[in-house]
Trainee: 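Please find one structure pasted underneath; my questions will follow.
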Number of protein chains: 2
Amino acid sequence: MDAPYKYDLILKNVGRFIELNDSEKDLFKSLLTEGSAKRKEFVMQPGEITKHEYYVTKGCLKVYSLDRNGVQHVSMFAIEDFWTGDMASFMLQQPSTYYIKALEDTEFLMISKSNFERLFKEIPKFERFYRNLYQRSLVSYVRRTNEGISLTAEERYEIFLNKYPHIANRITQKDLAAYLGITPEFLSMIRSKMSKR
Amino acid sequence: MDAPYKYDLILKNVGRFIELNDSEKDLFKSLLTEGSAKRKEFVMQPGEITKHEYYVTKGCLKVYSLDRNGVQHVSMFAIEDFWTGDMASFMLQQPSTYYIKALEDTEFLMISKSNFERLFKEIPKFERFYRNLYQRSLVSYVRRTNEGISLTAEERYEIFLNKYPHIANRITQKDLAAYLGITPEFLSMIRSKMSKR
DNA sequence: CAGAAAAAATAAAGTAGTTTAAGAAAAGTG
DNA sequence: CACTTTTCTTAAACTACTTTATTTTTTCTG
């Protein structure tokens, strides 16, 4: 196989922040479940209580919600090596308000709430891993929140293209518009305006 | 004194997620520094490399940045029992882009980058504390990001009033508008429209 | 508590982004 | 590869929010 084996991928991801010995690696792997979703299939829907956090090893997931007018708002796109899920629902075990849908045939590893707790009990340094992971996510969400209230749609679009070029060319403009918080029509206008420069 | 002593306050905050024995409490306290700022005084300015994370024990801090047109955008208001700072600058030790300014005479406890690392080394369960703290912050920033791109200013204003009524009546409308990402004039219009209902 | 400074309110004109609609291009499916 | 469905583009009318300007109200400071 060309792509790294999914467990090597997640161990490398974890290895950014903590070192594990072989038995810890085995224990960690044993607490994960494998999952997959065909293109257009839902991994999760509103109303469900989130049972897992997801780590994508192949493909692309779209995490989004519908507002009261039925308009989609994309919270994130998760491609290879991304962690995703609905943290609020997972953490507090309350019904989610999000859809998670596969945009491509997707494979992922999952960790359940109880295994998540067990992981911390058995290998406490995973607290450190997730502390670092969340710290980084927090930094990027703080930035994105500020961008959302201070920049124009065109500026946010350019930032997305620069930051996630490999995501931008895998998703539709419609989905990208839903991530930027604008209509597909307006994104189309922005693009034609930009290409004329 | 009426207000709980500042160290009791922070220990209670930490106690939400981890239990400390007396010697751990003493060690933790020894790693903190006390600080204060008079109304209108800056705690931090852009260009500085953030040396501390802050825990407010009294008063109110405003964390904000200026965009290229000189318009203020407020990232957060930190009142008693709030943790704040510029995480990106603190974590990566690179120059900050934020101002932190006291809106009232304010007192806080600070932890330096090196003491932060030492804390994790000496009392590893603090990894758990910060893992939980960041996990919660992440949940609220994910929500705020989505609100920013999917709701009208009026809706976001109502959410703020419901969620932080005790903050809303301590800050100016100008600062609140800068938090919502709108002009003070438009917030004023929203308010007069709402009061006519 | 008086004078200065800052914040808030109101209003008119302007702009970023939406809505609706219709046709062209691209992609999914048998 | 034809057909259906979805996405993308373009454009005109509309709305949420900004800009600029002026007046009123509140807050700060000596």
Trainee: Figure out the CG/P separation between L103(A) and dT6(D), and round it to whole Å.
Mentor: 15 Å
Trainee: To the nearest angstrom, how far is M189(B) atom CE from dG14(C) atom C1'?
Mentor: 13 Å
Trainee: Residues from residues 167-188 of chain B sitting under 4.0 Å of DNA chain C, heavy atoms only?
Mentor: T172(B), Q173(B), K174(B), E185(B), S188(B)
Trainee: Quiz question: by atom type and distance under 3.5 Å, do the side chains of S89(A) and T50(A) form a donor-acceptor pair?
Mentor: yes
Trainee: Mind telling me whether F129(A) and W83(A) have parallel, tilted or perpendicular rings, with 30° and 60° as the class edges?
Mentor: tilted
Trainee: Quick one: does NZ or CZ of R144(B) land under 6.0 Å from the six-membered ring centre of Y179(B), within 45 degrees of the ring axis?
Mentor: yes
Trainee: Would you call E147(A) and R156(A) a salt bridge, taking side-chain N to carboxylate O under 4.0 Å as the test?
Mentor: no
Trainee: Under the 4.5 Å side-chain heavy-atom rule for ILVMFWY, direct or indirect, which residues accompany V71(B)?
Mentor: none
Trainee: Within the sub-3.5 Å range, which N or O atoms of nucleotides 24-30 of chain D have a protein N or O partner, and how far apart are they?
Mentor:
unit_1, atom_1, unit_2, atom_2, d
dC28(D), OP1, R39(B), NH2, 2.9

Trainee: May I ask you to list the residues of residues 148-164 of chain B, by number, that have any heavy atom positioned under 4.0 Å from an atom of DNA chain D?
Mentor: T152(B), A153(B)
Trainee: Output, in order, the C-alpha distance, side-chain angles, deciding distance and verdict of side-chain contact (heavy atoms from CB on, under 4.5 Å) for Y7(B) and L32(B).
Mentor: CA-CA 10 Å; Y7(B) 291 99; L32(B) 300 172; 4.1 Å; yes
Trainee: Do R131(A) and F120(B) form a cation-pi contact, if we require the NZ or CZ to be under 6.0 Å from the six-membered ring centre and within 45 degrees of the ring's axis?
Mentor: yes
Trainee: Rounded to whole Å, please give me the gap between CD1 in I190(A) and P in dC8(D).
Mentor: 14 Å
Trainee: Are I149(A) and L187(B) linked, directly or through other ILVMFWY residues, by side chains that come within less than 4.5 angstrom of each other?
Mentor: no
Trainee: Check salt bridge (Lys or Arg N to Asp or Glu O under 4.0 Å) between E154(A) and all other residues, then give those that pass, not counting sequence neighbours.
Mentor: K193(A), R197(A)
Trainee: Using 30° and 60° as the class limits, which term best fits the ring planes of F77(B) and F160(B): parallel, tilted or perpendicular?
Mentor: perpendicular
Trainee: To the nearest 0.5 Å, how far apart are CD in E104(A) and CZ in R170(A)?
Mentor: 4.0 Å
Trainee: When the distance from NZ of K193(A) to C1' of dT10(D) is rounded to whole Å, what number comes out?
Mentor: 16 Å
Trainee: Do NZ/NE/NH1/NH2 and the carboxylate oxygens of K38(A) and D105(A) come within less than 4.0 Å?
Mentor: yes
Trainee: In residues 62-72 of chain A, what residues come within less than 4.0 Å of DNA chain D, judged by heavy atoms?
Mentor: none
Trainee: Going through the checks in order, is the side-chain contact (heavy atoms from CB on, under 4.5 Å) test met by Y99(A) and Q72(A)?
Mentor: CA-CA 10 Å; Y99(A) 296 83; Q72(A) 273 193 30; over 6 Å; no
